[in-house]
Amino acid sequence: MVDVTALGARVASSAVAPLVRRLFVRDGPGAGLVDRPVRISALVSFRGEKRNVTPKDVDKIAEELVRRALASAGPGEEPVAGAEAAAVKDALARTLARLGEITVEDYEAVGLGPERFARELGAGVPLAPYGLGEAGTLLYERLLHTASLHILNFLTQRSTYVARQQTVQTQQLSRLVQAADVLLERLPSQSAEDAGFEERYADHVAARYGTLTIYGLDAGTREWPLDTAYLSLEATRPQAARDGRRSPEYPVLAAEQVLAGHDQVFLRGVAGSGKTTLVQWLAVTASSRVYDHGMPHLIGRVPFVLPMRRIVRPGAELPLPGDFLRAVGAPVAGEQPPGWAERVLRARRGVLLVDGIDEIAGDRRAAARRWLRELVRAFPGNLWLVTSRPSAVPEEWLAAEGFSELVLAPMGRDGVATFVRRWHRAAEVDGSVGESLLASVRSTSELNELATNPLMCGMLCALHRDRRGFLPQDRRSLYEAALTMLLERRDRERELLGSDGVRLAYATQVQLLQKLAWWLIRNSRHEMDRDEARGIVDRALPALDLDGAGGEEVYRALLLRSGLLREPAEDRVDFLHRTFQDYLGARLAVQEMDFDLLVNHADADQWEDVILLALAHARPKEAEHMLRRLTELGTPRGTLLAAAGLRYAAEVAPEVRVRVEEGLATHIPPAGFDDAREIAQATGDLMLTLLPGPEEVSHAVGATVVSAAVEVGSEAALQFLTKYRDHPAKDVQTILAAAWRRFDREQYAREILAHLPRQRAVDVYTNDDLRTLRALGGWEHIVVRGAYRVEDLTEFIVPERLTLLALEAPHPVEGLNWLSAFPRLEAVSVFAEPDESWARQVPVGVRLRFPLHSPSYDSQG
């Protein structure tokens with residue numbers, strides 16, 4: 001039988017090249033080939049105005065490629081059968097048609113190379129529907145690779161590629177020159193000992209923080225390279241996060257750029273929102289010796305990663321710089337030259353990444369603040385990032401120490417989609433499975449509420465794959481399913497690999513993990529000594545049937561095989577993530593009937609999730625007892641916890657429900673944007689049933705009501721917002737216009753935006769956003785977020801509508817002459833990239849006066 005992997009290679013270039021060339025418009029007058037890069041989709045010959053073949057002709061080209069490949073089989077060879085050859089043709093035609101859909105530019109495609117470009121084309125074409133066997137799949141892949149090779153060769157022969165490549169090389173050289181200048185300015189003269197140690201330390205940082213764990217991937221592939229796993233999140237100021245405003249006053253920026261304009265940042269984010277991942281990314285980027293990453297403020301600097309749960313020990317002082325590496329258990333600490341850390345900080349080269357203020361006991365946080373203040377004053381000019389959960393410390397907790405406060409925003413629809421697709425690629429799962437999950441998340445309010453951060457998205461991906469599309473619909477069931485997956489499947493994988501030692505049943509692992517988690521919670525700890533963990537295991541052994549296994553053996557099995565415990569440093573033990581600790585601790589609290597103990601800690605932010613999850617585990621009478629006790633506290637926090645708990649309790653007596661809702665009603669409507677956000681996050685859709693309509697409130701209260709509903713972000717919230725779409729208050733309209741990316745784009749545009757005044761500012765990120773606004777007849781005030789292409793703006797923005805334009809991105813090389821395409825444009829704001837001045841001012845802007853078709857512009861700073 002013929003080796004099908006060789007069939008594609010046997011097709012002569014003289015036969016393939018003419019077929020491939022037919023897929024693209026011809027060079028020459030009117031072909032649209034200009035001296036700047038263009039997307040491949042703009043060059044295809046079967047779309048747009050310059051088409052000279054039809055989509056059906058793509059089928060003929062694919063058929064001809066398959067025919068020529070099969071014809072190249074020698075005498076006596078038996079290629080794929082006719083039916084499978086037709087299926088290969090259909091799959092190849094659909095893949096080649098993707099040339100008209102992908103957004104890759106010509107020079108970027110060539111940079112990918114034929115293998116990666118072929119994968120890019122094939123990424124959107126699942127092969128399962130074509131029913132290809134092994135031989136058919138191999139033939140499809142070989143022909144796609146051969147076609148990709150000739151497509152890229154064709155692109156390199158175009159003049160636009162050469163011109164663009166020279167531009168790219170010039171920009172790269174410019175950045176390298178800038179990096180060299182920064183290094184010369186920032187790096188002091190060093191001893192050989194310091195320089196050698198820094199190189200070894202940089203290697204250690206890259207190795208230690210350069211990977212992430214992916215939930216649900218098979219053993220052996222759980223570590224995800226950070227450079228491909230990192231998902232850029234957004235950060236903004238707390239006020240903007242509360243009321244949904246996005247304006248020059250409250251800029252939204254990529255989270256990894258928070259230190260570009262601020263030397264000292266206090267960053268809040270919910271559990272699993274990506275705070276620790278951001279810390280890892282900044283550490284690895286700062287320590288890298290590759291300077292073309294577009295973050296000059298990190299060049300030549302030395303990162304110190306300081307997880308608070310590791311460096312805060314009971315009864316011990318917080319470490320001084322010389323003890324940083326030893327405190328976090330860095331194996332290179334012993335090689336550190338005396339005084340090296342102090343020399344780095346005095347030279348203002350440090351990046352100090354203090355992770356998890358919320359993960360230390362409340363009575364130690366004041367000491368942590370004093371420690372930070374003393375270090376900042378002793379070593380000015382270094383970069384500081386301090387992270388925490390939102391409610392762990394009061395607002396402006398570090399303001400007196402000179403820290404700017406920012407908030408990590410929840411993942412938007414596009415962020416969730418990007419994460420889900422990357423996860424499925426990393427897991428080598430068919431892309432259609434990921435698309436099915438995305439459809440479920442977008443159509444189910446409970447899942448939509450869960451998919452707001454990388455941790456929960458990862459769990460959803462893993463469970464969706466393992467359960468063949470079935471997903472739990474509430475938080476407790478999701479965690480339970482995740483535990484089953486992590487504990488039972490991981491145990492099977494280890495046994496298949498032939499591991500030795502005691503084998504712990506699922507129920508035994510859960511019982512032991514619960515005891516460890518509940519001990520940590522009751523003692524306000526996030527980490528314990530190894531001896532303390534061993535003691536808990538030893539005390540549990542008599543009640544467990546483990547055939548005489550010893551405490552050390554059981555502890556090691558639990559550590560190695562559960563996947564939930566880890567030893568972050570020698571003789572220290574903690575949970576892989578706080579979420580699992582809270583869930584397991586809540587289970588044991590219910591088993592031990594510690595309901596009053598739970599309620600008595602309702603004022604402590606670190607107990608909030610434990611209380612809610614305990615309500616989910618409790619039996620009806622137990623849950624009702626907790627809900628009554630929470631309302632009896634007479635505090636806003638107790639009232640909101642009780643209201644949030646209604647969503648967790650499986651069954652609640654009507655009189656108890658009424659009591660909780662009456663307590664919540666005292667907070668409705670919200671007194672301000674802070675209250676609106678807090679109530680929405682705690683109660684979700686329940687709050688919507690109590691919010692007043694537009695005819696019942698003043699304009700100011702209407703804005704807080706709308707802000708609260710936006711924060712809920714569910715399908716029910718969208719339906720509630722339709723009541724306010726005709727509200728005359730400017731603040732209400734502004735919040736509604738800014739919120740459209742929190743919901744389904746097209747539905748929100750149809751239900752809300754279409755009813756708003758067109759002069760309210762609307763943010764756009766993608767061409768799909770622009771197309772949606774165009775379908776509404778255009779918009780007057782548009783804010784473009786992120787990189788953009790001039791030709792896309794001129795194509796998709798309705799020129800007769802646009803009056804105000806803000807460009808929140810690096811400016812393109814075309815200059816501003818293209819703005820003359822918009823005859824009614826009155827003003828444009830062009831915001832520069834964040835720089836040192838941004839720490840003290842709003843982003844630098846340029847306000848231009850029009851008409852733009854005049855030969856010169858009158859500009860103001």
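Since we're looking at a predicted model, the values are computed, not measured.
- Taking the side chain as every heavy atom from C-beta outward, D355 and M308 never approach each other to under 4.5 Å.
- Side-chain contact check for F403 versus V265: every heavy-atom pair is 4.5 Å or farther apart.
- Contact check on R745 versus D769 returns a salt bridge, with a Lys/Arg side-chain nitrogen under 4.0 Å from an Asp/Glu carboxylate oxygen.
- Between Y479 and H617, the distance separating the two ring centers is not shorter than 6.0 angstrom.
- With respect to R677 and E711, no salt bridge is recorded, no charged nitrogen being found less than 4.0 Å from a carboxylate O.
- Between R369 and E401 there is no salt bridge, since no side-chain nitrogen of the basic residue lies less than 4.0 Å from a carboxylate oxygen of the acidic one.
- Side chains of F266 and V393 form a contact here, defined as non-hydrogen atoms less than 4.5 Å apart.
- Residues passing the side chain to side chain donor-acceptor pair (under 3.5 Å) test with E662: none are found, sequence neighbours excluded.
- Under 4.0 Å is where a charged nitrogen must lie from a carboxylate oxygen, and between E800 and R824 no such pair does.
- Ion pairing of E608 with R637 is present here, as a side-chain N (NZ or NE/NH1/NH2) and a carboxylate O approach within less than 4.0 Å.
- Scored by the side-chain contact (heavy atoms from CB on, under 4.5 Å) test, E622 finds V590, M593, F595, A618, R619 as partners (sequence neighbours excluded).
- Taking the side chain as every heavy atom from C-beta outward, R268 and L408 never approach each other to under 4.5 Å.
- Remark: side-chain polar atoms of R659 are not paired, donor with acceptor, to backbone N or O of T631 under 3.5 angstrom.
- Annotation: side chain of Q581 is in contact with side chain of H526 (closest heavy-atom distance under 4.5 Å).
- For the pair T666 and I668, the minimum side-chain heavy-atom distance is 4.5 Å or more.
- Between E695 and K723, none of the side-chain N atoms (NZ, or NE/NH1/NH2) sits under 4.0 Å from a carboxylate O, so this pair counts as no salt bridge.
- Remark: side-chain polar atoms of Q733 are paired, donor with acceptor, to backbone N or O of H727 under 3.5 angstrom.
- Considering only heavy atoms from C-beta on, V660 stays 4.5 Å or farther from T639 through its side chain.
- By the 6.0 Å contact criterion, CD on E396 is open, its count of non-hydrogen atoms from other residues, nucleotides or ligands being 12 or less.
- A 6.0 Å sphere centred on CD of Q747 holds more than 12 heavy atoms belonging to other residues, nucleotides or ligands.
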Q: Carefully, step by step, assess H625 and D596 under the rule side chain to side chain donor-acceptor pair (under 3.5 Å).
A: CA-CA 9 Å; H625 169 73; D596 288 341; 3.1 Å; yes
